[in-house]
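Report on one structure; see the data block that follows.
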Amino acid sequence: MTNDNPTSSFYDDNAAVYVRRDRSLPQRRLDAFLNTLPAGAPILELGCGGGQDAAYMISRGFNVTPTDGSPEIAKQAEKLIGKPVIVLRFEELDDDQLYDGIWAEASLLHVRRPDLPGIFNRIHKALKNGGIFHASFKAGEAEGHDSFGRYYNYLSANWLNDLLISTGWKDISLNETDGGGYDGKPTRWLRMRARKSI
């Protein structure tokens, strides 16, 4: 079956190349996230990509459930992680208080802006009380597409902060840094961490 979504098609069609790209493990962010969780805690990863982050979290002793929306990316990630990767689109998440942490590094940035509140509510439901949610986005003011045709929601810190407050998150932390992306262009990254209130 062909995929008529250009973003999904990009990842399915370029899976092998994409997962082998030169990518630095975000170890400082991973450690900061993991250090907020109980030892061995269950973690859901949304959009595991090549599986590097999941492999690192597993090496630290955590019980990671890796997922990705692309069946082809999932197949590639399984080779690195050594365990099954669940093919899951964000809107299909329906878990209830199963995880102490949810890690979504550079994945939710493909969710269309009108759909983000519903996805954040699903993530909130999937976390245990007091659970931690990490995500990163490409910063901006207006949604759009990159040179590969991939959709991005390009959020501002104020927009994301208002969304998190309106969907019930607490202890919200936001920061911006300069970096890059797969397209090789300079990128302003917006990163967030929030807690499901007890």
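Predicted model only: the values in this text are computed from it and were never measured. Basis for what follows: all heavy atoms, side chains included, without hydrogens, waters or symmetry-related copies.
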Audit row: Glu105, His134, side-chain contact (heavy atoms from CB on, under 4.5 Å) steps and yes/no: CA-CA 7 Å; Glu105 178 79 359; His134 164 93; 2.7 Å; yes
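- Donor-acceptor pairing under 3.5 Å is recorded for the side chains of Tyr56 and Asp31.
- Remark: Arg122 does not engage Asp95 in a salt bridge, criterion side-chain N to carboxylate O under 4.0 Å.
- No donor-acceptor pair closer than 3.5 Å links the side chain of Arg191 to the backbone N or O of Ser136.
- Here the CD-CG distance, from Gln27 to Asp53, works out to 10.5 Å after rounding to the nearest 0.5 Å.
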Audit row: Asp146, Tyr154, side-chain hydrogen bond (donor to acceptor under 3.5 Å, both in side chains) steps and yes/no: CA-CA 11 Å; Asp146 71 0; Tyr154 293 120; 6.0 Å; no
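- Each of Phe90 and Val87 belongs to its own hydrophobic cluster when Ile, Leu, Val, Met, Phe, Trp and Tyr are linked at side-chain heavy-atom distances under 4.5 angstrom.
- The backbone N or O of Gly40 sits nowhere less than 3.5 Å from a side-chain atom of Asn63 that would complete a donor-acceptor pair.
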Verdict with reasoning, Asn35 to Arg60, per side-chain contact (heavy atoms from CB on, under 4.5 Å): CA-CA 10 Å; Asn35 290 342; Arg60 291 253 340 240; 3.2 Å; yes
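- For the atom pair Lys138 NZ and Leu155 CG, the distance stands at 12.5 Å (nearest 0.5 Å).
- Ion pairing between Lys75 and Glu72 holds under the 4.0 Å rule for side-chain N and carboxylate O.
- With rounding to the nearest 0.5 angstrom, the CD atom of Gln97 is 9.5 Å from the NE2 atom of His124.
- Aromatic ring orientation, Trp103 versus Phe33: tilted (interplanar angle from 30° to 60°).
- Panel note: side chain Thr67, backbone Glu45; a donor-acceptor pair is recorded below 3.5 Å.
- Between Tyr151 and His145, the two ring planes are perpendicular [angle over 60°; tilted spans 30° to 60°].
- Rounding to the nearest 0.5 Å gives a distance of 11.5 Å between CG of Asp115 and CG of Leu108.
- A distance of 11.0 Å separates CD1 of Ile43 from CD1 of Ile132, quoted to the nearest 0.5 Å.
- In this structure the side chain of Phe133 reaches within 4.5 angstrom of the side chain of Met192, judged on heavy atoms.
- Shown here is Lys170, whose NZ atom has no more than 12 heavy atoms of other residues, nucleotides or ligands within 6.0 Å.
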Evaluation steps, side-chain contact (heavy atoms from CB on, under 4.5 Å), between Leu30 and Leu25: CA-CA 9 Å; Leu30 280 161; Leu25 184 78; 3.8 Å; yes
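- Taking CD1 of Ile86 as the reference point, atom OG1 of Thr65 lies at 5.5 Å (rounded to 0.5 Å).
- The aromatic rings of Tyr152 and His110 sit tilted relative to each other, their planes meeting at an angle between 30° and 60°.
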